[in-house]
Amino acid sequence: MTILDALIPPRGLKVLVTAGASGIGAGIARAFATAGAHVHVCDIDPAALDRLATRQQGITTSTADASVERDVALVFDDVRGTLGGLDVLVNNAGISGPTGPIESLEPAQWERTVAVNLNSQFLFARHAVPLLRQSRSSPCVIAMSSVAGRLGYPLRTPYAASKWAIVGLMKSLAIELGPAGVRVNAILPGPVAGERMDGVIAARAASLGQSVEATRDSYLRQSSMRRMVEVDDVAALALFLCAPGARNLSGQAISVDGNLEYL
Ligand code: NAD
């Protein structure tokens, strides 16, 4: 193997991406499929899953709410049937949650954010680990956190709390699973250009009583690189984390954010 081969994952990896019908998860699913992996994607939106499977050959799908244990168990029935095992779990599911001062937030909004962002990672990990332990292909878990899992994020407390908790889960699992040869890392993206950030910026502009343009501009100025992250920036890191060159990378919270200085 040359040093360049160490940068890309081996062909034939069995990969599960949660909430991967669109956005970052879809970018990661397409990247793994392009690299010759067998990819299974679950998502709450069946129409979006159909669009993904039509666009990218060879991706199998399940409709599931990532925060519901019964749905997660059914996804793993499908994974056993379609992939016949698992080498990589990409725990990607996550919602923005509410925007506003804490006294304006409803307990149900807090609970839903924690359920989708954090509980889903627990539910998928507990089903995946027995399969990952059997993998002979440098198995790993990739936990999608956020720059909000590294910095405080005013007006987005449920989101930030859930994303910090993911880092704690990842670091603990890395220690628990390392002796079995399973690596666990987290990716912390900064604001990713796309529909979701458009919604986040609009909600923040409304909450602060300022224009959408001014809010977008302030997001760009928070980053040393003065630009948003692209889905492919995140997908490229996900691929590398499963490549031979990453065999000693575990327990790491890795930012892809153009060096976001504050939130
Ligand atoms: P997104 O809002 O574009 O949604 C992606 C998919 O999640 C959609 O297909 C949607 O149907 C699905 N989904 C929503 N709720 C679900 C549920 N309960 N069960 C299953 N599927 C569900 O998300 P995104 O922007 O691609 O973000 C993906 C991950 O990256 C999230 O964990 C998010 O917190 C994180 N992240 C995103 C950004 C960003 O700027 N977009 C930045 C940092 C971190």
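Numbering of ligands and ligand atoms starts at 1, following listing order. None of these values were measured; they are calculated from a predicted model.
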Proximity to ligand 1 by part of [X], non-hydrogen separation under 4.0 Å:
{"X": "R112", "answer": "side chain"}
{"X": "V200", "answer": "neither"}
{"X": "A64", "answer": "backbone"}
{"X": "N92", "answer": "both"}
{"X": "E195", "answer": "neither"}
{"X": "P189", "answer": "both"}

| CZ/R55: more than 12 non-hydrogen atoms of other groups inside 6.0 Å | no

| Other residues, nucleotides, ligands: >12 heavy atoms within 6.0 Å of L220 CG | yes

Close approach, [X] and ligand 1, non-hydrogen under 4.0 angstrom:
{"X": "A48", "answer": "no"}
{"X": "C42", "answer": "no"}
{"X": "P191", "answer": "yes"}
{"X": "S145", "answer": "yes"}
{"X": "G190", "answer": "yes"}

| For the residue pair H127 and F76, does the interplanar ring angle fall in the parallel (under 30°), tilted (30 to 60°) or perpendicular (over 60°) class? |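 It falls in the parallel class, under 30°.
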
| query | Does the cation-pi check pass for R216 over Y219, that is, NZ or CZ under 6.0 Å from the six-membered ring centre and within 45° of its axis? | reply |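 Because its charged atom misses either the 6.0 Å distance or the 45° angle limit, R216 does not stack over Y219.
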
| query | Should the pair D87-R136 be classified as a salt bridge under the 4.0 Å nitrogen-to-oxygen rule? | reply |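 No salt bridge links D87 with R136.
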
| field | R126/E69 salt bridge by N-O under 4.0 Å criterion | value |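 A salt bridge is present here (some side-chain N lies under 4.0 Å from a carboxylate O).
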
| said: Which residue and atom name correspond to the protein heavy atom nearest atom 16 (C) of ligand 1, and how close is it? | reply: I44 CG2, 3.8 Å

| Atom indices of ligand 1 within 4.0 angstrom of D45 heavy atoms, with elements |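 The list of qualifying atoms is 11 (O).
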
| task | Please identify which atoms of ligand 1 are closer than 4.0 Å to at least one heavy atom of V192. | result | 39 (C), 40 (O), 41 (N)

| Among R196, M144, Q121, which residue places a heavy atom closest to atom 2 (O) of ligand 1? | R196

| query | Between R196 and I95, which heavy-atom pair has the shortest distance, and what is it? | reply | NH2-C, 3.5 Å

